[in-house]
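Here is the naming used below: chain letters follow the sequence lines, and residue numbers restart at 1 for every chain. These numbers come from the heavy atoms of this one structure, side chains and all, not from hydrogens, waters or symmetry mates.
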Amino acid sequence: MAAKSTAIIQMHHVDKHYGELHVLQDINLDVQKGEVVVLIGPSGSGKSTLCRTINRLETIDSGEILFEGKPLPQEGKELAAYRAEIGMVFQSFNLFAHKTILDNVTLGPREVLGTPKEEAEKEAMDLLARVGVAEQAHKVPAQLSGGQQQRVAIARSLAMHPKAMLFDEPTSALDPEMINEVLEVMVGLAKEGMTMVVVTHEMNFARRVSNRVVFMADGQIMEEGAPDEFFDHPKTERAKDFLDSIRGH
Amino acid sequence: MGVGEVVAEFGGVYVSSLLSTWLMTIVCFAGGLALGVLVTIMRVSPIKPLRVVGDFYVQVFRNIPTISLLVIFVYALPYLGLLLDYRTCLIVCIILVVASFASENFMSGINAIGVGQIEAARSVGLSFSQIVRLIVIPQALRTTVLPMTNLLIATLLTTAIGSQVPLTPPELTGMVNYVNARSVAGISAFVVSAICYAGTALLLGFLGNKLDKKVRIVR
């Protein structure tokens, strides 16, 4: 192995199958601390699966994933403790339907970190204000718009003081007019130096915010590079075709 | 003997048999819910043998008539050296059956939660037992108020098998035998019991609806 790496997330020769389907093929990817990496590619390319292996919502068949130089815990308390350090934002928000917005945000800190109620609520209100939904604190998720729910989901992750955050198509389930309010929050996080792995179809976001774009197809990383370089001069045919198809005619 | 005469002569005993039925219903339903939660936790646990045992439990007790179970308890268990009094046999049998149906209700409530919320809870770092306690059980309880109300009414009606064993005081159905052994009330004794059952069931149905409106989770 190479000498000491500063990468916070390291994936080495990761393989995964769903039955016959080889969804991740020899994936090698390092993410540096503070880096924003965007995963793009056609649907079914394995980008969501890759993202989900990083906090072990998906297991892998072979290879290894390291976080801060240590292999991911397999299960049990160690795995739960590890997941608490990684924020995760889902396409479908996944807020806890029976809890208020405020309780959604304070649940993790109170139950996992043992933060006292008052302190957890104060911090939650600050986070909700930061993502612009403080007035909704005492409503339940179903009373909020999709964009608001996704911003709450981001606040819920931030309340755990994560060392890195994973975004699995965070704007794909949103109406067009709500996409920007979520992206703005993510831009703010990136500027503050949050380490982020983002699966997205938002090419403007990728170009403007990311440090690196990783293009996947058929379970493989086809190419990666700085956003301007990738978008203006894609190296592989697959990437060219993909960019043409999403740019329209 | 008309209904009026039955009430006039046996009213006091009817009240105590109604209370007996209510008390048994409460005990059996509460016990059934508690055991049902336990069985359901086994059925959704990550440990396969527990899941198998939980599923097996439901298949056994959902598919045996409660009256058959009662016969086994009353006549067979003493041969195994276990002698329980009649009321205990009755309550245990009903709890065993109610728990299997309660577990089926809980399972449908759990299936309605959706894997996304569970994944979100795991991502926050919650353990399996925390997820069960904080996310799954509260939502399963709140989405199953209506089917659980039906189960409560079914529990009420099932306590009628208490008429097959000697109980003091008798429950509502046993009360019919009690009255007819002491007078010639005939069908009137049944009518009074039936009115008590129906009145209780209507009240439970009404309360169940109100509770459901109050706690239902908007999705």
Side-chain angles (χ1 to χ4, degrees), chain A residues 51-52 54-58 73 75-100 103-114 139-144 149-150 152-154 156-162 164-168 173, chain B residues 33 37 40-42 44-51 102 105-149 208 210-219:
Chain A
C51 183
R52 290 161 54 87
I54 296 174
N55 71 348
R56 217 176 148 74
L57 284 178
E58 300 283 351
E75 54 187 29
K77 278 201 178 95
E78 294 77 23
L79 179 58
Y82 164 70
R83 284 183 176 140
E85 297 185 337
I86 312 287
M88 176 95 190
V89 176
F90 300 86
Q91 180 176 351
S92 46
F93 331 134
N94 298 343
L95 296 181
F96 306 128
H98 64 308
K99 294 202 169 284
T100 64
D103 289 345
N104 262 275
V105 180
T106 59
L107 184 74
R110 291 187 60 194
E111 296 291 335
V112 178
L113 306 178
K139 293 185 180 168
V140 293
Q143 293 172 294
L144 272 58
Q149 289 191 53
Q150 194 61 298
V152 174
I154 294 173
R156 175 174 66 180
S157 287
L158 289 176
M160 298 298 291
H161 305 287
M165 286 187 72
L166 310 173
F167 294 82
D168 185 6
Chain B
L33 276 192
V37 167
T40 309
I41 290 172
M42 290 170 74
V44 299
S45 83
I47 303 158
K48 189 160 185 215
L50 286 182
R51 290 204 297 273
N105 287 348
F106 280 132
M107 288 300 275
S108 71
I110 289 171
N111 289 334
I113 295 174
V115 70
Q117 282 188 60
I118 306 301
E119 288 187 341
R122 288 159 77 192
S123 300
V124 170
L126 295 173
S127 67
F128 173 76
S129 62
Q130 284 175 316
I131 294 173
V132 168
R133 179 167 54 86
L134 300 167
I135 310 294
V136 176
I137 291 180
Q139 292 200 46
L141 279 176
R142 289 171 60 174
T143 50
T144 54
V145 171
L146 290 181
M148 287 302 182
T149 305
K210 280 200 92 148
L211 181 64
D212 175 62
K213 287 212 176 72
K214 199 166 161 204
V215 303
R216 181 187 294 170
I217 297 161
V218 199
R219 287 181 204 273

Nearest heavy atoms of [X] and [Y], plus distance in Å:
X	Y	value
B:Leu126	A:Val112	CD2-CG2, 3.6 Å
B:Ala120	A:Arg156	CB-NH2, 3.4 Å
B:Ser123	A:Asn55	OG-ND2, 3.4 Å

Answer yes or no: does atom CD of A:Glu75 have more than 12 heavy-atom neighbours from other residues, nucleotides or ligands under 6.0 Å?
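Open: at most 12 neighbouring heavy atoms sit under 6.0 Å from CD of A:Glu75.
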All N/O donor-acceptor pairs, side-chain side in residues 130-140 of chain B, below 3.5 Å, sequence neighbours left out:
residue, atom, partner, partner atom, Å
B:Gln130, OE1, B:Ser127, N, 3.0
B:Gln130, OE1, B:Ser127, OG, 3.4
B:Gln130, NE2, A:Glu111, O, 3.1
B:Gln139, NE2, A:His98, ND1, 3.0
B:Gln139, NE2, B:Gln117, OE1, 2.6

Pick one of side chain, backbone, both or neither for [X], based on which atoms fall under 4.5 Å of a heavy atom in chain B.
X	answer
A:Phe96	both
A:Leu95	backbone
A:Lys77	neither

Largest heavy-atom contact set with chain B, pairs under 4.5 Å, which of [options]:
options	result
A:Met88, A:Gln143, A:Arg83, A:Met160	A:Arg83
A:Ser157, A:Gly108, A:Ala80, A:Pro109	A:Ala80
A:Val89, A:Ile86, A:Leu166, A:Asn94	A:Asn94

To the nearest 0.5 Å, atom CZ of B:Arg122 lies from atom CG of A:Leu79 at 7.5 Å
If you measure from CD on A:Glu58 to CD on B:Glu119, what distance do you get to the nearest 0.5 Å?
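The CD atom of A:Glu58 sits 7.5 Å away from the CD atom of B:Glu119.
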Practice task
Check whether B:Ile217 gets within reach of chain A through its side chain, its backbone, both or neither, counting any heavy atom under 4.5 Å.
Solution key: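 When you check distances to chain A, only side chain atoms of B:Ile217 fall under 4.5 Å.
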